[in-house]
Number of protein chains: 2
Amino acid sequence: MRALPMFADLDAASFEAITLSAFLQRFPANTQLLLEGDTVDFLYVLLDGQVELSGTWNDRETVLAVLRPVSTFILAAVVLDAEALMGARTIERSDILMIPGAAIRARMADDAAFAVAIARELSGCYRGLVRSIKNQKLRTGVERLANYLLQLHARANGDTFELPHEKRVLASLLGMTPENLSRAFGTLRPYGVAVNGAEVRLTLLADLRRLAKPDPLIENQAAHHARPIAEFEAEMLATRRTA
Amino acid sequence: MRALPMFADLDAASFEAITLSAFLQRFPANTQLLLEGDTVDFLYVLLDGQVELSGTWNDRETVLAVLRPVSTFILAAVVLDAEALMGARTIERSDILMIPGAAIRARMADDAAFAVAIARELSGCYRGLVRSIKNQKLRTGVERLANYLLQLHARANGDTFELPHEKRVLASLLGMTPENLSRAFGTLRPYGVAVNGAEVRLTLLADLRRLAKPDPLIENQAAHHARPIAEFEAEMLATRRTA
DNA sequence: CGCGCATTTGAGGACTGTCAACTTCCGTGG
DNA sequence: CCACGGAAGTTGACAGTCCTCAAATGCGCG
């Protein structure tokens, strides 16, 4: 928990007040944690596993973000004591810390340092969403995929890495259908993108970069090695630790 | 300034600390206030006029939100003391209050109530963006326009109202080209949408609603009459008071 | 009155979604 | 250990949506 910037500098009293009311729960894969419109009673902290945040409308569904540890989610709904705007479900077995929303709000009111930490966390989430919208509105599907692959590559040590989720989840995250993702991979083959199952290998990096045109104002910055987990494991180019 | 929930309950000391360092400036129409990537020294508060927030990439540009008074913008960048992810320019003559970011951050650290107010404001902005992404990813252009018109209609008293900005700005906000917006209006004619310049009249409301399928988890809620301006004048279905 | 810009309209093409069939992969159970 | 069933992924054909380019129209301001 202290790995999260949000709780890292919490003083002893606040830390105790929060941990005492919190509890840890293990969920199997494919468990719906929250439906859109649910009232939100807890702040969720993903400690292990993977959680997908989704939105639906008119029988259509889209993945808004895929979270990896350590990440919080639905923080904004907790702060406002409002209903969830996104659904959440585990996509693999996950350990999740659940902190009563009332405890969070009470601590914020009493502890300015904690409230500031929450505000900073929210700001980071907000900026992630801004990046996500720019990614979505300004780029085509192939361009989004190319940039996504370059981000994964930057975190790998070699030029080979694994896609961290199923392709149909990835497709929805990138705003396209699974069929289209398949074709987008095909389109990128001349740019040195070799796919074999979940394994991806990038040769011709320069060509791929010329196509992708990654931009620090859209891509999430590569984490500084100082901050270990939260920043590093960030999943989407755009929407990390969301709510 | 007290009209903003953010500053409404500020105690006298904090209010003075902030207002003393702030200053009011009047900008003509079409003035670039901020470029993407600029370092952000001030929190902006739009008191009168209209401001457009935009994103660019690879010679493409999109409007992310259009703000109307009273709204703050680039709050997230101020909280994190980070560079702007969006550009900002006035689209009509505007009165803007500029508050040094350092003052905001200092007050947050000292005044838990103020930090909580900021966190709540950020949460509202965050949820606006979530709505915006769902609107963008789950709906077609025609559906976005239909819902946008219904939102404007809900704020008008009769069934006739004016589009609040140029059609090319509206097109970009809705994620399409001006040509396509024109055709989208044409597509909606059989649903009782009559356009004459900036004036729009909706007959056949039921038909339009059946097409648009407005959803409280995507559309911004109609404001409660208690809170007068900020909520009411909110421009985009999705992205209000952004940064 | 006339120029310039916003808007509209048309034609064509690029991108993306849908439907259907096929292949591959993987876990279950015999 | 292997066969089977089901889901995931791929491929092809087709349609819908959206963008680009070009030209025409309309409106406002000097």
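Quick note on labels: first sequence line is chain A, next is B, and so on, each numbered from 1.
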Where protein sits on nucleotides 15-23 of chain D, one letter per nucleotide: B base, S sugar-phosphate only, - none, heavy atoms under 4.0 Å: ---SBBB--
Stepwise, does the side-chain contact (heavy atoms from CB on, under 4.5 Å) test hold for B:Ile133 with A:Ser132? CA-CA 8 Å; B:Ile133 296 189; A:Ser132 184; 3.8 Å; yes
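- With a 6.0 Å radius and a threshold of 12 heavy atoms from other residues, nucleotides or ligands, B:Tyr191 has its OH atom at or below the threshold.
- The two residues B:Leu217 and B:Asp215 come nearest to each other via the heavy atoms N-OD1, 2.7 Å.
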Anything under 3.5 Å between a protein N or O and an N or O of nucleotides 23-29 of chain C, put it in a table, one pair a line.
none

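- The separation between B:Arg189 atom CZ and C:dT8 atom C1' is 11 Å, rounded to whole Å.
- Salt-bridge formation is detected for the pair A:Glu219/A:Arg139: a Lys NZ or Arg NE/NH1/NH2 atom is positioned less than 4.0 Å from an Asp or Glu carboxylate oxygen.
- Between A:Leu181 atom CG and D:dT10 atom P there is a gap of 7 Å when expressed in whole angstrom units.
- Rounded to an integer number of Å, the gap from CD of A:Gln136 to P of C:dT16 is 10 Å.
- The nearest whole Å value for the distance from the NZ atom in B:Lys167 to the C1' atom in D:dC27 is 11 Å.
- As a whole-Å value, the separation of A:Asp59 CG from C:dT18 C1' is 15 Å.
- Between B:Arg168 atom CZ and D:dC27 atom P there is a gap of 18 Å when expressed in whole angstrom units.
- Between A:Arg127 and B:Glu83 there is a salt bridge, since at least one side-chain N of the basic residue sits less than 4.0 Å from a carboxylate O of the acidic one.
- Proximity of the aromatic rings of B:Tyr126 and A:Tyr126 is defined here by a centroid distance below 6.0 angstrom, and this criterion is not met.
- Summarising the geometry, the separation between CD1 on A:Ile91 and P on D:dA8 is reported as 12 Å, rounded to the nearest angstrom.
- Across all non-hydrogen atoms, the minimal contact from A:Pro164 to A:Leu152 is CD-CD1, 3.7 Å.
- When the shell of 6.0 Å around CZ of A:Arg60 is examined, it contains more than 12 heavy atoms from other residues, nucleotides or ligands.
- As a whole-Å value, the separation of B:Phe185 CZ from C:dA6 P is 17 Å.
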